> 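I'd like to ask some things about the structure below.
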There are 2 protein chains.
Amino acid sequence: MEISRRADYAMRVILDLAMLPSGMRARARDIARRQAIPYAFLQKIIRDLCAAGFIEASRGRRGGVRLARPAESITLLEVLEAMEGPIRLNRCSREPHLCPRWSFCAVHPVWAQAQAYLEQLLGSTTFAQVAERGRQIRAMQSRNGAHGAAALSIQEASIAQAPRI
Amino acid sequence: MEISRRADYAMRVILDLAMLPSGMRARARDIARRQAIPYAFLQKIIRDLCAAGFIEASRGRRGGVRLARPAESITLLEVLEAMEGPIRLNRCSREPHLCPRWSFCAVHPVWAQAQAYLEQLLGSTTFAQVAERGRQIRAMQSRNGAHGAAALSIQEASIAQAPRI
DNA sequence: TAAAAGTGGACTATATCGGTCCATAATGTC
DNA sequence: GACATTATGGACCGATATAGTCCACTTTTA
């Protein structure tokens, strides 16, 4: 019940790149500093993101990494699952019929519902959207003091009502 | 991103007891068999559930455990959090202001939203409701063959649409 | 050609998970 | 009162995952 630091970092790397002008590279050092990720750990994460096809890297003097696909086409779910494998809230909440108890366990539908919501939310949110929000926050903070945007960014996130079982 | 076996087992213990006639005791051995939980592990879990006040135990010849509170008053969230501590999907999704980046990290609202949904869903579902569903499934399966109820129990779980960010 | 980047891989410390085992205490039954 | 039965408390454990670190090496470019 908590995503790994690795996955969290990976998502912040993609976000960092998505907020850059299209096609621009960033050096790992700079990403590490901006996103507060241990550089040595970031090295490994960047390799994984390359292997998964989300980013592409170039070496040497003016090297760095950049998105290999448009940010509009990358969802939070995709990156998360690339780092952690298929997500699931409970052992039986994905591929429910693989659980020997699925046909009669009454808690099952609750997990199935939570899982479906999560997949839907993360799977329909792209890094383009998140980056756009990031730009708004940045703009707002540069206008009015350091903490101007915080309250708004939370308020704006429409919290869904959870339907009963 | 997956609740512990311990928490899953704990919830199934409470469900098992909630499906019994009110006030009736069950022996740990029987719960272990019915719920397919390793008995030695269950011993420890039962102790924790006692300490948390969900169940009460009595020793000796006709001993066993039973619910210490009405099933209507116990939510899935309560039991889950008693076993795992406050739930969170990401390090920063609970107590967001404790994260040094919360005021400008654009992924934050997504985690906050998912977290809120999960808390709402699990916090508003009681073991009385789940037990009732369990009784329905049981009744249905005893009427028509072993796998009769499975499909229905999934269909009936109304899957919520996830609102966009 | 030298500095600056990413690359690949070995390595590690720590914690958590998912248990097991057992000696002991309490309790009902005969 | 003896005995079988049940929970209790705590010690113990192996495997795996996590969250990193470190570094020698290759590639690129100014």
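Predicted model, so just to flag it, every value in this text is computed and none were measured. Each chain gets a letter, A, B and so on, in the order its sequence line appears, and its residues count up from 1.
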> State which of D:dT8, D:dA19, C:dT29 makes the closest approach to the side chain of B:Ile46.
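That would be D:dT8.
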
> What is the separation between atom CD1 on B:Ile3 and atom C1' on C:dT16, rounded to the nearest whole Å?
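Between C1' of C:dT16 and CD1 of B:Ile3: 16 Å.
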
> Whole Å only: how far is the CG atom of B:Asp48 from the P atom of D:dA7?
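Value for this atom pair: 15 Å.
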
> Salt-bridged, A:Arg69 to A:Glu56, with N to O below 4.0 Å?
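Salt bridge absent between A:Arg69 and A:Glu56.
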
> Rounded to the nearest Å, what distance is computed from the CG atom of residue B:Asp30 to the P atom of nucleotide D:dA7?
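Taking atom P of D:dA7 as the reference, CG of B:Asp30 is at 9 Å.
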
> I need the CZ-C1' distance between B:Arg47 and D:dA11, as an integer number of Å.
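Result: 10 Å.
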
> With respect to the phosphate group of D:dG20, does any side-chain polar atom (N or O) of A:Tyr9 fall under 4.0 Å of OP1 or OP2?
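For D:dG20, OP1 or OP2 has a side-chain N or O of A:Tyr9 closer than 4.0 Å.
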
> Rounding to a whole Å, what distance do you find between B:Arg27:CZ and D:dA7:P?
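So the CZ-P distance, B:Arg27 to D:dA7, works out to 8 Å.
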
> Which nucleotide wins on minimum distance to the side chain of B:Ser4, given the candidates D:dT8, D:dT29, C:dG18?
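It is C:dG18.
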
> Quick one: does NZ or CZ of A:Arg6 land under 6.0 Å from the six-membered ring centre of A:Tyr9, within 45 degrees of the ring axis?
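Judged by the rule (NZ or CZ under 6.0 Å from the ring centre, within 45° of its axis), A:Arg6 is not positioned above A:Tyr9.
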
> Map B:Pro38 and B:Glu84 onto DNA chain C by nearest heavy atom, then report which one ends up closer to the 5' terminus.
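This one resolves to B:Glu84.
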
> Which whole-number value in Å describes the distance from A:Tyr39 OH to D:dC23 C1'?
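In whole Å, D:dC23 C1' and A:Tyr39 OH are 12 Å from each other.
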
> Let's test your reading of the model: under 3.5 Å, does the base of D:dG9 pair with the side chain of B:Lys44 as donor and acceptor?
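Checked by distance alone, the answer is no.
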
> Scan B:Arg5 against the nucleic acid and name what it touches under 4.0 Å (heavy atoms): base, sugar-phosphate only, or nothing.
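Since only primed, P, OP1 and OP2 atoms lie under 4.0 Å of B:Arg5, the category is sugar-phosphate.
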
> By nearest nucleotide on DNA chain D, pick out whichever of B:Gly64 and B:Arg91 is the more 5' one.
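Result of the comparison: B:Gly64.
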
> Quick one: A:Ile45 CD1 to D:dG20 P, roughly how many Å, whole number?
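Rounded to the whole Å, the gap is 8 Å.
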
> What nucleotide among D:dG20, C:dA26, C:dG19 has an atom nearest to a side-chain atom of B:Arg59?
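Nucleotide nearest to B:Arg59's side chain: C:dA26.
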
> Taking any heavy-atom pair under 4.0 Å as a contact, classify B:Ala57: base, sugar-phosphate, or nothing.
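Sugar-phosphate, backbone atoms only, no base.
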
> Select from A:Glu2 and B:Ala40 the residue whose nearest nucleotide in DNA chain D is closer to the 5' end of that strand.
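Going by which nucleotide is closer to the 5' end, it is B:Ala40.
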
> Return the value, rounded to whole Å, for the distance between atom CD of A:Gln43 and atom P of D:dA19.
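Distance check: A:Gln43 CD to D:dA19 P gives 18 Å.
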
> Could you tell me whether A:Arg94 and B:Glu2 have a side-chain N and a carboxylate O separated by less than 4.0 Å?
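No, this pair does not count.
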
> Looking at A:Arg5 and A:Glu84, does any basic side-chain N land under 4.0 Å from a carboxylate oxygen?
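Here A:Arg5 does not pair with A:Glu84 in a salt bridge, since their nearest N and O are not under 4.0 Å apart.
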
> Is the shortest side-chain N to carboxylate O distance from B:Asp48 to B:Lys44 below 4.0 Å?
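Salt bridge flag = no for B:Lys44 with B:Asp48.
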
